[in-house]
Amino acid sequence: MTLPNLLVTAALPYANGHIHLGHLVEYIQTDIWVRFQRLMGRRCIFICADDTHGTAIMIRARQEGRSEAEVIADMQSAHERDFAGFDISFDHYGSTNSPENLELCSQIWSSLRQAGLVVEDDVEQLFDPVAGTFLADRFVKGTCPLCKTVDQYGDNCSKCGATYSPTELINPTSTLSGATPVKKTAKHLFVRLEALHEFLDSWTQSGEHLQSEIANYLKGHFLGNPLRDWDVSRPAPYFGFEIPDSPGNYWYVWFDAPIGYIASTWQWCKKNNEKLADWWHSDQTEIHHFIGKDITYFHTLFWPGVLKSAGFSLPKFVHIHGFLTVDGEKMAKSKGTQVQAATYLKHLDPQFLRYFYASKLGPRLDDIDLNLTEFANKVNSDLVGKVVNLASRTARFIETVGLAPEYPHDGGLFVSAAAAGDKIAQAYEQVDYSRAMRMIMEIADQANAFVENTAPWTLKKDPNQQVRLQEVCTIVLNLFRQLCVYLAPVLPKLADQCGQLLQSPIQHWNDSQTPLVNSPISKFEHLLQRLLPEKVQAMIDESKVESTPVESETLASTTADAPPAASQDSGDALAAEPMAPVCTIEDFTKVDLRVARIVKAEEVPEAKKLVKLTVSLGGDNIRTVFAGIKAAYTLQQLEGRLVVIVANLQPRQMKFGLSEGMVTAAGPGGTEVFLLGVDSGAVPGQRVH
RNA sequence: GGCGAUGUAGCUCAGUCGGUUAGAGCAACGGCUUCAUAAGCCGUGGGUCGUUGGUUCGAGUCCAAUCAUCGCUACCA
């Protein structure tokens, strides 16, 4: 009986940004698994592609004054170069903006239509007559139709948890303009996921395809209620594929992105004279997806639903990993910890990161931490001190005579290390790399102890011990080779170098089971450069410089003689949050922005993000405002300073009290929140024009 | 607040079906060695296994409660 073929994917990186160390957790995790399977002799292809569609790309292209095609082509070559630098061994790296993907999207779309899963009836939606746009759910607020709580979003109630459509809200208002939305009919296309509820229930809860915590999460968050229809269309203008039977509408990027897995496989098939059906319509192939926990929903509900409906094979397993933190904190450009792949490669050996991630990664979806000190210590101690050291302690002694004609008695070292192969392989198979690394290092420890006890450097000095010297070195080099086989999925370059040194390439896991004898060896050369902590620091420093071209001091200074170079600012922020529709000066004047002084800042212990601010607009005009800036500022930093508030905002009853305004700030949130201030001279109560 | 997890030596973690004095690596300390990329080997110290209660002849391991931490989610309008 032959084992099924394997089709393995990593998530498609978005064409709007460069690859950084956080992304690499996934590509390295996946690559290790793929290389392991190949080493075991499994037929295994590794498929990926750039994810290219969507609003963000459109905006970026517009901003850079070139076509979307140019933008995504550039980014694709940068991605491929970065991946190659980290030895990610894709069999094919495609793009979602390909004819194959368009064809597959169309095919799958037809299947969904035929299965009656597409709702294409005209839908009554709320339209903002002032902003001139339809309103997504989160842009509409009103009173919950069930529990009558005021100020709820258009999709669900935060009080009673009910879900509904924004048209059901009582007294809806647009959060864009404050206008009362009118009902307007527009064609929207939805996939009726609820029709697949029963299937998704059994597929996700079977225990065979998902980690248990993911199955629980889905059960608790989604499967307990009816599944909501999935909006898969976006109106023009949109960079993507126009829906063939619905002109003027485009597939939402998350519709065509996973289909890109299939499209990219198809491109590989065309290159290699293979049949797509053998990979996506066959029980002789197992499909394994590796993804991050942030995109769980798409891959565990929507995607299986689509595949099932369209008659494609379902994934055998969706392997989900956590995020990367650096020195215990979220990656931050300001701290230089969001290191781009290309920057890393300028300073450090990619194998070090591969090994470090391997030593940290298990089958759970916990976040993993890259502690920079531990990184340097571990890599040096394990790889240089234990593994590579075995070769450098012995290879030179037998450069001229080569390996012994027969494998000598070694007290059972080789046999026991060979026997450990099964358990190590099992750990790799289960994506439990940290376990595998521990077992491998145990073998390295034993081998080093053997070197110590047999003292080849002493044997070398005695002319009568030359045979024994050759024997000892043969044993050590064979143990070294075993380690290289076991580490080959993680450290492909080291495996190659080992093959060159012993003049016998490592090709199969079973190479660990038979010792190499009676063969010449090459002149020994250093296999790995020790990792210098200074280089880690240099990498961090460079990452800081890249992302903070404009110092805050420069911004605050009115006497700066040269304006900041705008061209150095990245377009990421704008792309992450696209521009709102045009508004008139009248629209703007509806918003009354005022300078205010924070007279008191208080802790809200029960809230994770909120602080309670008492602000003064001058005189006895005092109000209370809640602001989600707890993680970014201390109370001391806040008290006394001037801020800009939205003074005429409708007060909102919150869990902790009434909020009578809104403090303005920029930034993505969390610790990255930056309050708007005013230059000196402004006083509380002044309006911002 | 809801959901999910985690809490074992200074740090990172292992402890399989509950079964003798709880382990490893790194760090620290002492010694040995000098073949090797200031690498290696031996030894020492260090833990009331978050806390409390329960089940049991016996619990790090099972159950309950509790505290703490983390993640997702909600509250940032």
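Throughout, protein chains are lettered first and strands after them, A, B, ... in sequence-line order, and every chain is numbered starting at 1. For clarity, every value in this text was computed on a predicted model and none was experimentally measured.
Rounded to whole Å, atom C1' of rC72(B) lies 6 Å from atom NE2 of His221(A). Rounded to whole angstrom, the span from the CD atom of Glu442(A) across to the P atom of rG23(B) amounts to 15 Å. Rounding to whole angstrom units, CZ of residue Arg364(A) and P of rG4(B) are separated by 14 Å.
Among pairs with a residue in residues 207-224 of chain A, those fulfilling salt bridge (charged side-chain N to carboxylate O under 4.0 Å, His left out) read Glu213(A)-Arg364(A), at least two apart in sequence or across chains.
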Practice task
Going 5' to 3' through nucleotides 32-46 of chain B, assign each nucleotide B (protein heavy atom under 4.0 Å from a base atom), S (under 4.0 Å only from sugar-phosphate atoms) or - (no protein heavy atom that close).
Solution key: --SBBB-SBS-----
Exercise for the section: Between protein and nucleotides 11-16 of chain B, map the contacts as a letter string: B base, S sugar-phosphate only, - none, heavy atoms under 4.0 Å, written 5' to 3'. Expected result: -SSSS-
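Contact of the Val326(A) side chain with the Leu21(A) side chain is not registered, since no non-hydrogen atoms from C-beta on lie closer than 4.5 Å.
One distance of note links CD of Gln205(A) with CG of Leu200(A); it measures 10.0 Å at 0.5 Å rounding.
Atom C1' of rG18(B) sits at a distance of 12 Å from the matching atom of rC57(B), rounded to the whole Å. To the nearest whole angstrom, the two P atoms, one in rU16(B) and one in rA36(B), are 43 Å apart. Taking atom C1' in both rC26(B) and rG45(B), one finds a spacing of 16 Å when rounded to whole Å. For rG25(B) and rC63(B), the P atoms lie 31 Å apart once the distance is rounded to whole Å. Taking the P atom of each, rC49(B) and rG23(B) are spaced 14 Å apart, rounded to whole Å. A distance of about 29 Å separates the C1' atoms of rC32(B) and rC13(B), rounded to the whole Å. Across the P atoms, rG46(B) and rG2(B) are found 43 Å apart, a figure rounded to whole Å. Between rA9(B) and rA28(B), the two C1' atoms lie 12 Å apart (nearest whole Å).
Paired runs in RNA chain B that reach 3 or more consecutive Watson-Crick or G-U pairs, where each pair keeps both distances under 3.5 Å, cover B:1-7 with B:67-73, B:10-13 with B:23-26, B:28-32 with B:40-44, B:50-54 with B:62-66.
Partners of Arg468(A) by salt bridge (charged side-chain N to carboxylate O under 4.0 Å, His left out), not counting sequence neighbours, listed by chain and number: Glu471(A).
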Taking only nitrogen or oxygen atoms into account, show me every contact under 3.5 Å that the protein makes with nucleotides 5-10 of chain B, one pair per line with its distance.
none

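Both the sub-6.0 Å distance and the 45° axial angle are satisfied by Lys293(A) relative to the ring of Phe323(A).
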